[in-house]
Amino acid sequence: MFTQSIFATLALASSLAFAAVTPGMSLDSRSLARRSLSGQATYYGGNVQGGTCSFSTYALPSGLQGTALSDANWDTAANCGGCVQVNYGGKSVTAMIVDECPGCGTNHLDLFPSAFTSLAPASKGIIDITWDYVPCPVTGPLQIHMKSGVSQYWFSAQVVNGHRRTSKLEASADQGKTWKTATRQPYNFFEISSGIGSTTAWIRATSFTGTVVVVKDVSMKGDVVKAADSNYA
C-alpha cells in the first residue's frame with residue numbers, strides 16, 4: 001500500500017509538471033510551458049548600441065522591444081540577442097536582450113520604458129512577472145559583425161538579428177574542411193586570440209536549439225557586417 005501510494009504521488013507530480021504540454025505543441029511552445037521563469041521587472045532608459053551585448057551596429061526592428069537581463073542570468077552573455085515573452089496581468093510583450101542589469105535579482109528584467117508601460121503603468125515602478133525565451137520576431141537573415149581591430153591574426157565576431165540565441169561560433173580558413181571554435185566573451189563577441197591565419201573565413205553559427213547557419217567569405221577586417229543567406233530555423 002505504501003509503495004502504491006508513492007507511485008501514485010510521483011505520477012500525479014509528473015502529470016502536473018507537464019499538464020500544459022500536449023503532443024501537438026511546437027518545440028518552442030513545449031519549452032514555454034515547461035520552463036516559464038518568475039521574477040520582477042523594472043524599466044530604464046534603454047540602450048541597444050551602447051548596451052553590454054555590444055550591438056553597436058544594430059537597431060531593433062519596428063515593434064520589437066528591448067530589455068536588460070540580470071547579471072544573475074548573464075551566463076557570459078550567452079543570452080544576448082535572445083528574445084523573451086514577458087507576462088503580467090493578462091498582458092504580454094516580447095523583448096530582445098540587449099543589455100545587462102548589474103545587481104538585479106535572479107530572473108529580473110529591466111525593460112525599455114515602452115515595454116514596461118505595455119504591461120503596467122510606469123507609476124508601478126516594479127512588477128512581478130513570468131517570462132521565457134521565445135524565437136525573435138525578426139525578418140531577414142542573421143548577420144555576422146566583426147569587431148573593430150580584427151585581422152587574420154585576431155578573430156572576434158558576434159551574431160546579430162538572430163531568430164534564436166547563439167550558443168556556438170566557429171571559423172574556417174579552408175572553406176569548411178576544418179573549424180576553430182571561438183570563445184564567447186562577457187561583452188558578447190566570440191574570439192580566437194591567435195586568429196585564423198587568413199584574410200577571409202567561413203563562419204558557422206549554432207543556435208541553442210542546434211540549428212546551424214554558415215556565412216561564407218567573411219572578410220577579416222574590423223567593423224565588417226556580412227549577412228547570411230538564412231536565419232536560424
So which atom in [X] and which in [Y] form the shortest heavy-atom distance, rounded to 0.1 Å?
X: Ser92; Y: Asn87; answer: CB-OD1, 3.3 Å
X: Ala115; Y: Gly66; answer: CB-O, 4.3 Å
X: Ile196; Y: Ala201; answer: CD1-CB, 3.0 Å
X: Cys104; Y: Ser70; answer: O-OG, 2.9 Å
X: Gly140; Y: Asn161; answer: O-ND2, 3.9 Å
X: Ser36; Y: Asp132; answer: N-OD2, 3.6 Å

[X] [atom1] to [Y] [atom2] distance, which is reported to the nearest 0.5 Å:
X: Leu109; Y: Gln40; atom1: CG; atom2: CD; result: 10.5 Å
X: Gln49; Y: Thr57; atom1: CD; atom2: OG1; result: 7.5 Å
X: Ile97; Y: Asn73; atom1: CD1; atom2: CG; result: 8.0 Å
X: Thr183; Y: Ile192; atom1: OG1; atom2: CD1; result: 8.0 Å
X: Leu60; Y: Cys136; atom1: CG; atom2: SG; result: 9.5 Å
X: Gln158; Y: Cys80; atom1: CD; atom2: SG; result: 8.5 Å

Side-chain contact, heavy-atom cut-off 4.5 Å: [X] with [Y]?
X: Val84; Y: Leu69; answer: no
X: Ile203; Y: Leu169; answer: yes
X: Tyr153; Y: Met220; answer: no
X: Thr139; Y: Pro61; answer: no
X: Trp202; Y: Val215; answer: no
X: Asn47; Y: Val98; answer: no
X: Ser156; Y: Gln185; answer: no

Under 3.5 Å, is there a donor-acceptor pair between the side chain of [X] and the main chain of [Y]?
X: Asp174; Y: Lys177; result: yes
X: Trp131; Y: Asn107; result: yes
X: Gln143; Y: Val225; result: no
X: Asp99; Y: Asp110; result: no
X: Asn79; Y: Gly82; result: no
X: Lys226; Y: Lys216; result: yes
X: Asp71; Y: Gly103; result: yes
X: Ser198; Y: Thr200; result: yes
X: Ser167; Y: Thr206; result: yes
X: Lys168; Y: Thr181; result: no

Hey, which of Met96, His163, Arg165, Gln65 is the one that makes side chain to side chain contact (heavy atoms under 4.5 Å, CB included) with Cys83?
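Among Met96, His163, Arg165, Gln65, the one meeting side chain to side chain contact (heavy atoms under 4.5 Å, CB included) with Cys83 is Met96.
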Evaluate the criterion side-chain contact (heavy atoms from CB on, under 4.5 Å) for residue pair Tyr43 and Thr117; output intermediate values, then yes/no.
CA-CA 9 Å; Tyr43 65 93; Thr117 55; over 6 Å; no
Is there a chain of hydrophobic side chains (I, L, V, M, F, W, Y, each step under 4.5 Å between heavy atoms) that links [X] to [Y]?
X: Val150; Y: Phe155; result: yes
X: Val159; Y: Val224; result: yes
X: Val213; Y: Met146; result: yes
X: Phe190; Y: Val160; result: no
X: Leu111; Y: Ile129; result: yes

Inter- and intrachain pairs under ring pair (Phe, Tyr, Trp, His ring centres under 6.0 Å), touching residues 61-112, at least two apart
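For residues 61-112, and leaving out neighbouring residues, the ring pair (Phe, Tyr, Trp, His ring centres under 6.0 Å) pairs sorted by first residue read Tyr44-Phe112.
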So does Asp229 have more than 12 non-hydrogen atoms from other groups sitting under 6.0 Å from CG?
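At most 12 heavy atoms, drawn from other residues, nucleotides or ligands, come within 6.0 Å of this atom.
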Cation-pi, Phe208 ring and Arg164 (6.0 angstrom, 45 degrees)
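Ring-cation test returns no.
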Give a yes-or-no answer on whether the side chains of Gln152 and Thr199 include a donor-acceptor pair shorter than 3.5 Å.
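Note: Gln152 and Thr199 side chains miss the donor-acceptor criterion.
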Check: Thr166/Tyr232 side-chain N/O donor and acceptor closer than 3.5 Å:
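Yes, Tyr232 and Thr166 have a side-chain donor paired with an acceptor closer than 3.5 Å.
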Please work out which of the three classes, parallel, tilted or perpendicular, describes the rings of Phe189 and Tyr187, given edges at 30° and 60°.
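Answer is tilted, since the angle falls between 30° and 60°.
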